[in-house]
4 protein chains.
Amino acid sequence: MMNRVVLVGRLTKDPELRYTPNGVAVANFTVACNRPFSNQQGNREADFINCVVWRRTAENLANFMKKGSLIGVDGRIQTRSFDNQEGRRIFMTEVLAENIQFLESKGSSQGGSGSSGFQTRQNPPQEQNRPNDYEDNPFENSGEPIDLSDDDLPF
Amino acid sequence: MMNRVVLVGRLTKDPELRYTPNGVAVANFTVACNRPFSNQQGNREADFINCVVWRRTAENLANFMKKGSLIGVDGRIQTRSFDNQEGRRIFMTEVLAENIQFLESKGSSQGGSGSSGFQTRQNPPQEQNRPNDYEDNPFENSGEPIDLSDDDLPF
Amino acid sequence: MMNRVVLVGRLTKDPELRYTPNGVAVANFTVACNRPFSNQQGNREADFINCVVWRRTAENLANFMKKGSLIGVDGRIQTRSFDNQEGRRIFMTEVLAENIQFLESKGSSQGGSGSSGFQTRQNPPQEQNRPNDYEDNPFENSGEPIDLSDDDLPF
Amino acid sequence: MMNRVVLVGRLTKDPELRYTPNGVAVANFTVACNRPFSNQQGNREADFINCVVWRRTAENLANFMKKGSLIGVDGRIQTRSFDNQEGRRIFMTEVLAENIQFLESKGSSQGGSGSSGFQTRQNPPQEQNRPNDYEDNPFENSGEPIDLSDDDLPF
DNA sequence: TTTT
DNA sequence: TTTT
């Protein structure tokens with residue numbers, strides 16, 4: 001059953017990179033999309049769309065994009081529910097990013113955490129030792145938007 | 001800024017048609033989209049995606065589709081927040097349907113409210129008296145999926 | 001770089017299933033999409049969009065869908081060029097279908113070749129002998145739209 | 001019937017702005033989208049997708065974007081046929097852009113015609129004299145991607 | 001609170 | 001809790 005989303009917008013804050021207990025990288029981020037029309041008061045509002053991405057693309061996102069960066073997202077809408085601390089069922093809607101396009105390098109926008117170093121896995125638990133080809137800067141030689149495809153999402 | 005969604009799925013219940021204080025029709029509905037993959041347990045889960053649609057398309061949806069009906073949705077993701085009864089800020093994500101395609105007539109699926117009559121505006125407040133060309137059954141002559149475009153959304 | 005297409009429409013003729021020299025199934029088909037607006041003369045025109053799909057989904061399409069069948073297509077636009085018999089360079093634009101949703105069973109629409117049997121590979125050249133789980137009718141138990149995902153496209 | 005396309009890519013040349021006999025602006029352009037995978041030879045190919053856009057957005061595109069500019073396109077696939085000079089029927093597939101997002105200012109990419117001045121309508125035939133709010137540079141105050149919505153396409 |  |  002068709003379920004397709006495409007977004008282009010800016011990160012509202014630095015991506016949050018975490019690892020699952022078995023060492024799979026996952027990043028949460030929010031994309032601000034300005035609406036194509038104005039409201040009654042003549043202002044342009046924005047939508048703040050929660051997204052999640054897995055593995056390599058998650059790490060790339062955390063390493064190369066930050067608050068304010070312009071990105072493109074291609075993915076699907078996912079919903080899930082969980083019980084919060086007060087025992088109430090909470091429903092969540094977010095975009096599962098299957099592919100992300102970086103439309104700006106980390107340097108070209110201002111703001112963000114300013115943490116200059118790469119985020120890397122500290123003690124990624126039970127992570128197997130495969131060579132990683134992703135710890136070099138894809139913007140180095142190009143100054144180009146890049147499209148880091150996600151070859152092996154965990155689902 | 002790009003923000004585009006396309007869904008094909010089934011209504012989880014009959015659409016809920018309401019009218020704003022100044023007589024604009026709005027319908028809320030949820031589309032169930034089965035995921036294209038199975039989870040760890042080998043089951044296929046579904047996403048339940050909240051949607052909203054305005055005006056004519058809202059009324060058409062309520063009149064011709066019901067719980068279980070297969071529809072296509074073309075629209076955008078919108079987010080909004082409001083304070084609930086406990087004074088807590090609640091964030092909502094939903095799809096604003098700009099165009100809906102009916103992929104099944106009301107008769108062809110089973111289930112739903114079974115209410116056979118059309119839902120119409122009872123006392124639509126301060127609604128001006130324009131001719132409505134939408135109170136005949138678009139499935140009558142065709143047995144066809146129909147695509148009811150929305151010429152005049154209120155935004 | 002983002003490139004995303006979603007279509008819902010009807011097959012203009014039975015899908016054409018062929019095999020590459022090394023036995024990979026490929027199907028060409030055209031989707032008719034009625035435009036959401038009328039032209040100057042008040043008629044609704046249609047777009048006839050050439051598509052291609054590979055492997056399992058190609059075989060499923062040929063087996064379960066025919067002229068007139070309603071389908072959903074999720075994919076990307078591809079262009080290619082070739083020199084025709086007169087030595088002229090021809091440019092082609094088509095949709096590479098990555099995922100197809102069958103919105104009708106073969107039986108439920110009329111028209112088409114009427115060939116009732118499945119199309120299968122006659123002497124698929126140098127095709128390795130892997131078990132195929134796709135030669136049963138996905139509509140048998142369900143009367144349902146099905147979504148046959150494409151796990152292993154050749155690119 | 002659903003028909004939705006989203007592209008992000010670069011202009012292969014300066015947009016070609018023309019006017020219909022009754023003064024409606026129309027621009028043709030081609031978007032290069034690099035494929036997310038490599039071919040047998042390990043090279044990444046690109047798709048060159050022909051697009052068309054009308055009116056204000058056409059003029060904005062011609063004025064602010066040039067060869068090499070990065071843009072986002074939201075639209076639909078259209079097909080048409082015409083008879084060429086040899087009396088042969090030619091089929092064309094192109095994307096009708098309904099909305100375009102400029103992801104780079106004219107200055108920020110190199111290449112292109114280098115024509116610095118705005119393209120404007122020379123003697124736009126029988127064009128009525130409405131005020132135009134689009135002849136100032138949308139990048140002036142912002143250095144921002146802009147999203148010029150198309151309020152009044154001629155169909 | 002979820003559809004077939 | 002929001003980006004430019």
Side-chain angles (χ1 to χ4, degrees), chain A residues 1-3 7-16 28-35 44-51 65-73 79-81 88-93 103-104 108-112, chain B residues 1-3 7-16 28-35 43-51 65-73 79-81 83 88-93 103-104 108-112, chain C residues 101-105 138-147, chain D residues 101-105 138-147:
Chain A
M1 289 174 127
M2 243 106 258
N3 178 344
L7 306 173
V8 174
R10 293 189 178 281
L11 297 182
T12 61
K13 52 183 176 319
D14 292 356
E16 289 163 21
N28 291 284
F29 59 103
T30 300
V31 174
C33 278
N34 300 319
R35 295 191 180 165
R44 268 156 145 264
E45 296 175 60
D47 297 293
F48 301 101
I49 302 164
N50 293 321
C51 303
M65 299 284 103
K66 65 174 198 293
K67 181 179 177 180
S69 297
L70 188 70
I71 68 168
V73 171
T79 59
R80 57 199 168 86
S81 63
R88 206 162 13 151
R89 181 148 234 101
I90 301 294
F91 293 89
M92 281 223 15
T93 298
L103 297 166
E104 266 184 3
S108 66
S109 65
Q110 48 260 66
Chain B
M1 290 175 128
M2 243 108 258
N3 178 345
L7 305 173
V8 175
R10 294 188 178 280
L11 297 182
T12 62
K13 52 184 178 318
D14 293 357
E16 288 164 21
N28 290 283
F29 59 102
T30 300
V31 174
C33 278
N34 300 317
R35 295 190 180 165
N43 304 320
R44 266 155 146 263
E45 297 175 60
D47 296 295
F48 301 101
I49 301 164
N50 293 321
C51 302
M65 299 283 103
K66 65 175 199 292
K67 182 179 178 179
S69 297
L70 189 70
I71 68 168
V73 171
T79 59
R80 55 198 169 90
S81 63
D83 296 305
R88 207 162 14 152
R89 181 147 232 102
I90 302 295
F91 293 89
M92 282 223 16
T93 298
L103 298 167
E104 262 183 7
S108 67
S109 65
Q110 48 261 67
Chain C
Q101 189 179 7
F102 298 168
L103 297 167
E104 264 184 5
S105 74
F139 282 110
E140 201 110 287
N141 311 320
S142 63
E144 252 304 88
I146 44 172
D147 188 19
Chain D
Q101 189 179 7
F102 298 169
L103 298 166
E104 264 184 5
S105 75
F139 283 110
E140 201 111 285
N141 311 320
S142 63
E144 252 304 88
I146 43 172
D147 188 19

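Proteins come first, then strands; the chains are lettered A, B, ... in the order of their sequence lines, and each starts at number 1. Just so we're clear, the structure is a prediction, and the values are computed from it rather than from any experiment.
Here the side chain of B:N34 is nearest to one of E:dT3, F:dT3, E:dT2, namely E:dT3. Residue A:R89 places its side chain closer to E:dT1 than to any other of E:dT2, E:dT1, F:dT3. Out of F:dT2, E:dT3, F:dT3, the shortest distance to the side chain of B:R10 is found at E:dT3. Listed nucleotides: E:dT3, F:dT2, E:dT2. Nearest to the side chain of B:N50: E:dT2. Picking from E:dT3, F:dT3, E:dT2 the nucleotide with the shortest atom distance to the side chain of A:T12 gives F:dT3. Listed nucleotides E:dT1, F:dT3, E:dT3 differ in distance to A:M1; the shortest reach to its side chain belongs to E:dT3.
The CG-P distance, from A:L103 to F:dT4, rounds to 15 Å in whole Å. A straight line from NZ of B:K13 to C1' of E:dT3 spans 11 Å, rounded to a whole angstrom. In this entry the distance linking CD1 of B:I49 with P of E:dT3 reads 15 Å, nearest Å. Following rounding to the nearest Å, B:E16 (CD) and E:dT2 (P) show an atom-to-atom distance of 14 Å. Atom CG in A:D14 sits about 13 Å away from atom C1' in F:dT2, given to the nearest Å. Rounded to whole Å, atom P of E:dT3 lies 11 Å from atom CG of B:L11. Atom CG in B:L7 sits roughly 17 Å away from atom P in E:dT3 (whole-Å rounding). Going from atom CG of B:N3 over to atom C1' of F:dT4 covers 17 Å, rounded to whole Å.
Using a 4.0 Å cut-off between charged side-chain N and carboxylate O, B:D83 and B:R89 make a salt bridge.
Closest non-hydrogen pair, B:C51 versus B:V31, comes out as SG-CG2, 4.0 Å.
The CG atom of B:N50 lies 5.5 Å from the CE atom of B:M92; values are rounded to the nearest 0.5 Å.
Side-chain contact between B:L70 and A:M1 is present, with heavy atoms from C-beta onward closer than 4.5 Å. D:L103 places a side-chain heavy atom less than 4.5 Å from the side chain of A:V8.
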